[in-house]
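Presented below is the structure to which this report refers.
Values below: every heavy atom of this structure, side chains too, minus hydrogens, waters and symmetry copies. Proteins get letters first, then strands, A, B, ... in listed order; numbering begins at 1 in each.
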2 protein chains.
Amino acid sequence: MDQLFHALADATRRDILRRCGRGELSVSRLAEAYPMSFAAVQKHVAVLERAGLVSKERRGREQLVRTDPDAVSRARAALDELEATWRGRVDRMARLLALDSGQETDNPTRGPAR
Amino acid sequence: MDQLFHALADATRRDILRRCGRGELSVSRLAEAYPMSFAAVQKHVAVLERAGLVSKERRGREQLVRTDPDAVSRARAALDELEATWRGRVDRMARLLALDSGQETDNPTRGPAR
DNA sequence: CTAACGTACAACCAAATGGTTGTACATGAG
DNA sequence: CTCATGTACAACCATTTGGTTGTACGTTAG
């Protein structure tokens, strides 16, 4: 979760997600679009990749970047859960949808946060 | 947007959001719940506040923290927009909903059009 | 009034971020 | 083969982050 939201917390990375949603793009092509060095874009892609938002696939000497739609859905689901909590819906929903099965609880209360 | 997602990219802060969704809590009460100093929690609350996720209200010598539901909705909307983009729905939706009016474009590019 | 409580804020520190440049190495084009 | 292209990665730097402690200040309880 941390990595997911952190990856989304940068305008350049969000833009990369948009661009690579429609059709895959090589890192070089991406880099041409931004006012920063190739290496910097490479790092942004790496952050997105670690967060599972993007996957790379080699084609010849190029590395094609493709966004993973499911990852964003995961982030959205997390926000939904958060929203549901303070709307008091969480208890009802938990029972109705049996969310307790595998839902990430994400509670740092008893352990170190970082 | 950056601040919003950045604020969400920390387990402690997300937990604070949950706790302050149901009923307001003073910063001291919050601090008791986490394995860190009062000042650290204070900073986390400040980050949430800057992101507009939370508002503080003074009651006597206490400072009550309350989550703003609309802010999370904003984040969710941003993700929806992102998701819609690479599903090819964006063009259709843009026209249908006239998103071009005031919607935050969030595009750091100076290069070729998107 | 005085003491304890809740808060604010500054100073400091280690680690992570976001950027740079430079170098090395495959791979495809000519 | 040779060279330009696309990538990877290390080293470096300034700034931000997330945490600490310490100090100061207003407010409430006794």
Side-chain angles (χ1 to χ4, degrees), chain A residues 1-17 19-20 23-51 53-66 106-114, chain B residues 1-17 19-20 23-51 53-66 106-112:
Chain A
M1 285 272 62
D2 287 20
Q3 289 185 327
L4 224 185
F5 282 116
H6 168 70
L8 290 169
D10 181 284
T12 300
R13 288 195 287 263
R14 289 193 298 274
D15 196 68
I16 290 178
L17 284 181
R19 285 173 188 267
C20 296
E24 323 183 336
L25 283 176
S26 71
V27 183
S28 297
R29 288 296 176 86
L30 275 174
E32 293 170 5
Y34 303 102
M36 63 187 77
S37 69
F38 170 81
V41 175
Q42 221 178 356
K43 284 190 182 181
H44 281 303
V45 172
V47 170
L48 290 168
E49 196 177 14
R50 264 187 294 134
L53 282 162
V54 135
S55 63
K56 292 193 296 184
E57 187 191 354
R58 178 146 236 127
R59 191 190 61 182
R61 62 182 167 185
E62 289 179 339
Q63 196 81 259
L64 299 183
V65 180
R66 181 176 52 92
D106 184 28
N107 190 341
T109 304
R110 346 156 241 233
R114 287 177 69 187
Chain B
M1 285 272 61
D2 287 20
Q3 289 186 327
L4 224 185
F5 282 117
H6 168 70
L8 290 169
D10 182 285
T12 300
R13 287 195 288 263
R14 288 193 298 274
D15 196 68
I16 291 178
L17 285 181
R19 285 174 188 267
C20 296
E24 324 183 335
L25 283 175
S26 72
V27 183
S28 298
R29 289 297 175 84
L30 274 175
E32 293 170 6
Y34 303 102
M36 65 188 77
S37 70
F38 170 81
V41 175
Q42 220 178 357
K43 284 190 182 181
H44 280 303
V45 172
V47 170
L48 289 169
E49 197 177 14
R50 265 187 294 135
L53 281 162
V54 136
S55 62
K56 291 193 295 185
E57 188 190 355
R58 178 146 238 126
R59 190 190 61 183
R61 63 182 168 187
E62 290 180 340
Q63 196 81 262
L64 299 183
V65 180
R66 180 175 53 91
D106 184 26
N107 190 344
T109 312
R110 29 143 228 217

> Would you say the side-chain atoms of Arg59(B) pair up with the backbone N or O of Ser26(B), donor to acceptor, closer than 3.5 Å?
Replying inline: no
> Under the side chain to side chain contact (heavy atoms under 4.5 Å, CB included) criterion, do Leu4(B) and Met1(B) qualify, and how do the steps go?
Replying inline: CA-CA 5 Å; Leu4(B) 224 185; Met1(B) 285 272 61; 3.6 Å; yes
> Does the side chain of His6(B) get closer than 4.0 angstrom to OP1 or OP2 of dG18(D) through an N or O atom?
Replying inline: yes
> Counting side-chain heavy atoms from CB outward, which of dG6(C), dG18(D), dC9(D) is closest to Asp10(B)?
Replying inline: dG18(D)
> Could you state the CD-C1' distance from Gln63(A) to dC9(D), rounded to the nearest angstrom?
Replying inline: 14 Å
> Ser26(B) has a side chain; which of dG6(D), dC9(D), dT7(C) sits nearest to it?
Replying inline: dT7(C)
> Can you check the Glu62(B) CD to dT28(D) P distance for me, whole Å?
Replying inline: 10 Å
>> Nearest whole Å is fine: how far is dT7(C) C1' from Arg59(B) CZ?
In response: 14 Å
> About how many Å separate CD of Glu49(B) and NZ of Lys56(B), when rounded to the nearest 0.5 Å?
Replying inline: 4.5 Å
> Between Leu8(A) and Leu17(A), does a side chain to side chain contact (heavy atoms under 4.5 Å, CB included) hold up when you go through it step by step?
Replying inline: CA-CA 9 Å; Leu8(A) 290 169; Leu17(A) 284 181; 3.7 Å; yes
>> Quick check for you: among dG6(D), dT20(C), dA4(C), whose closest atom lies nearest to any side-chain atom of Arg61(B)?
In response: dA4(C)
>> With a 4.0 Å cutoff (strictly under), does any side-chain N or O of Arg13(A) reach OP1 or OP2 of dG18(C)?
In response: yes
> Under 4.0 Å: is that the gap between some side-chain N or O of Ser37(B) and OP1 or OP2 of dG19(D)?
Replying inline: no
>> Could you walk me through whether Val41(B) and Arg29(B) satisfy the side chain to side chain contact (heavy atoms under 4.5 Å, CB included) test, starting with their C-alpha distance in whole Å, then the side-chain angles of each, then the deciding distance to 0.1 Å, before giving a yes or no?
In response: CA-CA 10 Å; Val41(B) 175; Arg29(B) 289 297 175 84; over 6 Å; no
> Rounded to the nearest Å, what distance is computed from the CZ atom of residue Arg58(A) to the P atom of nucleotide dC25(C)?
Replying inline: 15 Å
> How many Å lie between OH on Tyr34(B) and P on dG19(D), as a whole number?
Replying inline: 12 Å
> In whole Å, what is the span from the CG atom of Leu25(B) to the C1' atom of dT7(C)?
Replying inline: 16 Å
> Whole Å only: how far is the CD atom of Glu24(A) from the P atom of dG6(D)?
Replying inline: 16 Å
>> Of the options dT7(D), dT21(D), dA8(C), whose atoms approach the side-chain atoms of Phe38(B) most closely?
In response: dA8(C)
>> Give the residues of residues 41-51 of chain B touching DNA chain D, defined as any heavy atom closer than 4.0 Å, sorted by residue number.
In response: Lys43(B), His44(B)
>> Check whether Arg66(B) reaches the backbone of Ser55(B) with its side chain - one donor and one acceptor, N or O, closer than 3.5 Å.
In response: no
> Donor-acceptor pair, Arg13(B) side chain versus His6(B) backbone, under 3.5 Å?
Replying inline: yes
> Given atom CZ of Arg29(B) and atom P of dC5(C), what is their separation to the nearest angstrom?
Replying inline: 13 Å
